[in-house]
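For reference, the structure discussed in these notes is given below.
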Amino acid sequence: MKGNPPKLLLIFLLLLPFFSVFGKESDRKIKVATNTNIETLMICYELAENGGWHFPSSYCHPLNEVARERFKIFREHEAIITMNELLKKGFWLDKMVKVMLVSEPFPIGNTDFKLSEKDASLVADTPQEANLIIEEFVLQLSAFYRDAELQSFFRDYSEYYLSVNEEVRAHLPDDGLIENMEQFYGSSAAAYQLIPSPIMKMTLGFGPRVKNDEGMVVYNVFGPLVLTTDPKEYGYGYGSKQKILRISRHEFGHSFVNPIMELSENRELIQQYAYLYEPIKDKMKELGYTTWWTCVTEHIVRLGEVRLSGRMEEAACTRKLRDYQVEKKGFVYLPYLEECIREYENNREQYPSLATFMPVLLSSFEHVQNTEKQEISWLLVLKYVVRSIF
């Protein structure tokens with residue numbers, strides 16, 4: 001009997017590497033989960049004057065409509081008032097979503113999250129004051145959670161949320177998505193998580209990245225993707241594998257691209273070509289991209305979508321996606337970027353990550369500059385709409 005513990009210990013030590021690898025591989029599968037902090041935020045957004053309440057939604061958001069009706073008496077809650085003020089200042093949902101992900105679950109709701117200097121400038125004159133306002137906002141949302149008895153709401157609709165998550169799991173992208181994205185961008189994350197929000201507006205999505213105890217976690221927080229009026233007949237709005245693939249590719253893409261674009265040297269380079277925003281400003285503003293920096297970032301993310309589609313889908317799908325981004329969505333500088341990105345793809349020893357290539361990629365806007373001042377080379381755009389590039 002005395003010899004048994006050492007033998008067991010030896011067996012455990014021999015198997016430890018296997019379990020470690022197995023655990024790591026399991027963690028890197030795409031996870032699906034509801035986040036009640038996000039849902040609390042989205043309920044408040046539905047009630048806010050500057051939020052989503054005035055947009056019709058019942059035709060495709062059954063739970064959204066239930067929430068709006070059930071909690072409309074709380075439109076004057078302090079959390080809603082503060083949300084209105086923040087939205088007016090330009091501190092929008094993308095930033096609020098990230099705050100929710102790093103805050104303790106409601107009704108506790110404490111947060112030690114510190115805003116970036118740029119985001120803080122939207123909220124107040126000093127970073128210290130801005131962080132205090134956001135901390136207070138989180139506490140107000142926690143109070144809303146208690147006052148509106150959201151715990152009872154989530155319990156009442158627990159089966160609905162479980163069904164949403166199961167529908168997403170049944171339509172998850174293939175395992176190759178993560179591998180292809182990490183290879184293309186030249187960086188990785190510890191975990192990837194989808195957070196479907198049935199109260200969020202249809203097709204809205206956000207791709208924050210958050211560092212926690214397990215490392216860098218990449219999120220795709222997104223609303224319903226397909227029309228649904230009656231879940232029993234039409235599903236819960238997440239029954240499309242192709243749409244989940246595409247929004248995951250887009251929102252996960254933001255988590256890779258945004259940190260690169262936020263580097264001061266890249267911001268300075270982007271600003272050199274700010275005059276190129278003018279010809280496409282109206283179209284970009286329709287889509288909610290009100291600054292040149294945001295416009296460029298969206299171009300780069302969509303460039304990644306097209307190039308990744310070339311790896312994962314049939315040529316016809318890639319052509320259709322490229323045409324959609326250029327012709328329908330108005331990302332007319334995409335052909336210049338796509339021409340340049342081939343140098344990156346063909347010289348990965350020299351450029352191990354997109355971050356190392358970004359100055360070269362951004363300099364491709366120089367080709368637009370050299371056509372005609374303040375005008376777009378529509379001939380080149382037409383050329384790339386017709387021709388498929390891989």
Side-chain angles (χ1 to χ4, degrees), residues 28 30 171-189 192 194 203 205 207 218 220 222 225 240-258 260-261 287 295-365 367-368 376-390:
R28 287 171 52 77
I30 297 176
H171 297 87
L172 283 178
D174 296 332
D175 292 341
L177 174 63
I178 294 175
E179 180 183 352
N180 276 289
M181 293 194 79
E182 291 187 341
Q183 200 282 328
F184 177 78
Y185 291 110
S187 60
S188 61
Y192 295 80
L194 299 182
T203 72
V218 171
N220 174 10
F222 61 116
L225 302 172
S240 170
K241 184 171 183 175
Q242 185 182 54
K243 288 178 184 282
I244 290 180
L245 167 65
R246 292 194 171 173
I247 196 169
S248 297
R249 205 157 49 195
H250 181 90
E251 299 305 339
F252 287 161
H254 270 293
S255 72
F256 288 102
V257 171
N258 285 37
I260 304 172
M261 310 301 283
L287 300 173
C295 173
V296 173
T297 300
E298 287 294 329
H299 268 81
I300 303 295
V301 169
R302 290 159 200 269
L303 170 68
E305 289 183 68
V306 171
R307 302 311 290 175
L308 286 164
S309 174
R311 296 174 177 221
M312 301 179 65
E313 298 180 283
E314 295 179 355
C317 293
T318 304
R319 284 196 299 271
K320 184 177 179 181
L321 177 60
R322 182 186 294 111
D323 293 352
Y324 174 77
Q325 298 293 6
V326 176
E327 291 186 303
K328 299 295 185 183
K329 304 300 284 188
F331 290 94
V332 293
Y333 302 132
L334 186 60
Y336 299 91
L337 298 169
E338 193 170 12
E339 172 80 359
C340 183
I341 200 68
R342 298 174 73 180
E343 181 182 349
Y344 168 69
E345 295 173 342
N346 295 329
N347 297 279
R348 292 303 299 273
E349 289 187 8
Q350 182 179 355
Y351 303 110
S353 68
L354 187 63
T356 60
F357 186 72
M358 188 57 69
V360 180
L361 184 60
L362 292 175
S363 69
S364 64
F365 285 115
H367 298 297
V368 186
I376 303 165
S377 175
W378 293 103
L379 183 61
L380 183 60
V381 171
L382 180 61
K383 167 184 155 185
Y384 277 86
V385 167
V386 174
R387 175 180 144 204
S388 172
I389 304 175
F390 298 100

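- Neither side chain, His299 nor Gln325, offers a donor N or O lying under 3.5 Å from an acceptor on the other.
- Distance check: Leu177 CG to Glu179 CD gives 10.5 Å after rounding to the nearest 0.5 Å.
- The nearest pair of heavy atoms linking Phe184 to Ile341 is CZ-CG1, 4.3 Å.
- Side-chain N or O atoms of Tyr336 include none that pairs as donor or acceptor with a backbone N or O of Val368 at under 3.5 Å.
- The shortest side-chain heavy-atom distance between Leu194 and Phe252 falls under the 4.5 Å cut-off.
- Between atom CG of residue Leu308 and atom NE2 of residue His250 there is a gap of 12.5 Å, rounded to the nearest 0.5 Å.
- Side-chain atoms of Glu182 and Tyr192 include a donor-acceptor pair closer than 3.5 Å.
- Between His367 and Glu339 the shortest side-chain heavy-atom distance does not fall below 4.5 Å.
- The shortest non-hydrogen separation linking Tyr185 to Val301 is OH-O, 4.3 Å.
- Under the 4.5 Å side-chain criterion, counting only non-hydrogen atoms from C-beta, Phe331 is in contact with Leu287.
- Closest approach of Pro359 to Ala355, counting heavy atoms only: CD-O, 3.9 Å.
- To the nearest 0.5 Å, the span separating CG on Leu321 from CG on Asp323 amounts to 9.0 Å.
- Once rounded to the nearest 0.5 Å, the distance linking OG of Ser188 with CE of Met181 reads 12.5 Å.
- In this structure, Asp174 pairs ionically with Lys241, as a charged nitrogen and a carboxylate oxygen lie closer than 4.0 Å.
- The CZ atom of Arg302 lies 12.5 Å from the CG atom of Leu337; values are rounded to the nearest 0.5 Å.
- Within the 4.5 Å cutoff, the side chain of Lys329 has no heavy atoms near those of the Glu298 side chain.
- Two residues are said to be in side-chain contact when any heavy atoms from C-beta on lie closer than 4.5 Å; Arg307 and Leu303 meet this criterion.
- Contact annotation: the side chain of Phe357 never approaches that of Gln350 to less than 4.5 Å [non-hydrogen atoms, C-beta and beyond].
- Taking CG from Asn180 and CZ from Arg311, the interatomic distance works out to 5.5 Å, rounded to the nearest 0.5 Å.
- Between the side chain of Glu251 and the main chain of Asn220, no donor-acceptor pair closer than 3.5 Å is present.
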Could you check Tyr344 against Val360 for side chain to side chain contact (heavy atoms under 4.5 Å, CB included), going step by step and ending with a plain yes or no?
CA-CA 9 Å; Tyr344 168 69; Val360 180; over 6 Å; no
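- Shortest non-hydrogen contact noted between Thr297 and Asn258 is CG2-OD1, 3.4 Å.
- Minimum interatomic distance between Val332 and Val326 (heavy atoms only, all atoms of both residues): CG1-O, 4.0 Å.
- Contact detail for Gly205 and Ile247: the closest heavy-atom pair is CA-CD1, 4.4 Å.
- Arg249 and Glu313 are joined by a salt bridge, as a carboxylate oxygen and a charged side-chain nitrogen come within less than 4.0 angstrom of each other.
- Looking only at side-chain heavy atoms (C-beta outward), Leu362 and Met261 come within less than 4.5 Å of each other.
- Contact annotation: the side chain of Ser353 never approaches that of Ser187 to less than 4.5 Å [non-hydrogen atoms, C-beta and beyond].
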Take His171 and Lys243 through the side chain to side chain contact (heavy atoms under 4.5 Å, CB included) test and state the conclusion after the steps.
CA-CA 9 Å; His171 297 87; Lys243 288 178 184 282; over 6 Å; no
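- Residues Glu338 and Arg322 are paired through a salt bridge, judged by an N-O separation under 4.0 Å between the basic side chain and the carboxylate.
- Under a 3.5 Å cut-off, the side chain of Ser364 and the backbone N or O of Cys340 do not form any donor-acceptor pair.
- In this structure, Ser248 contributes its side chain and Ile244 its backbone to a donor-acceptor pair below 3.5 Å.
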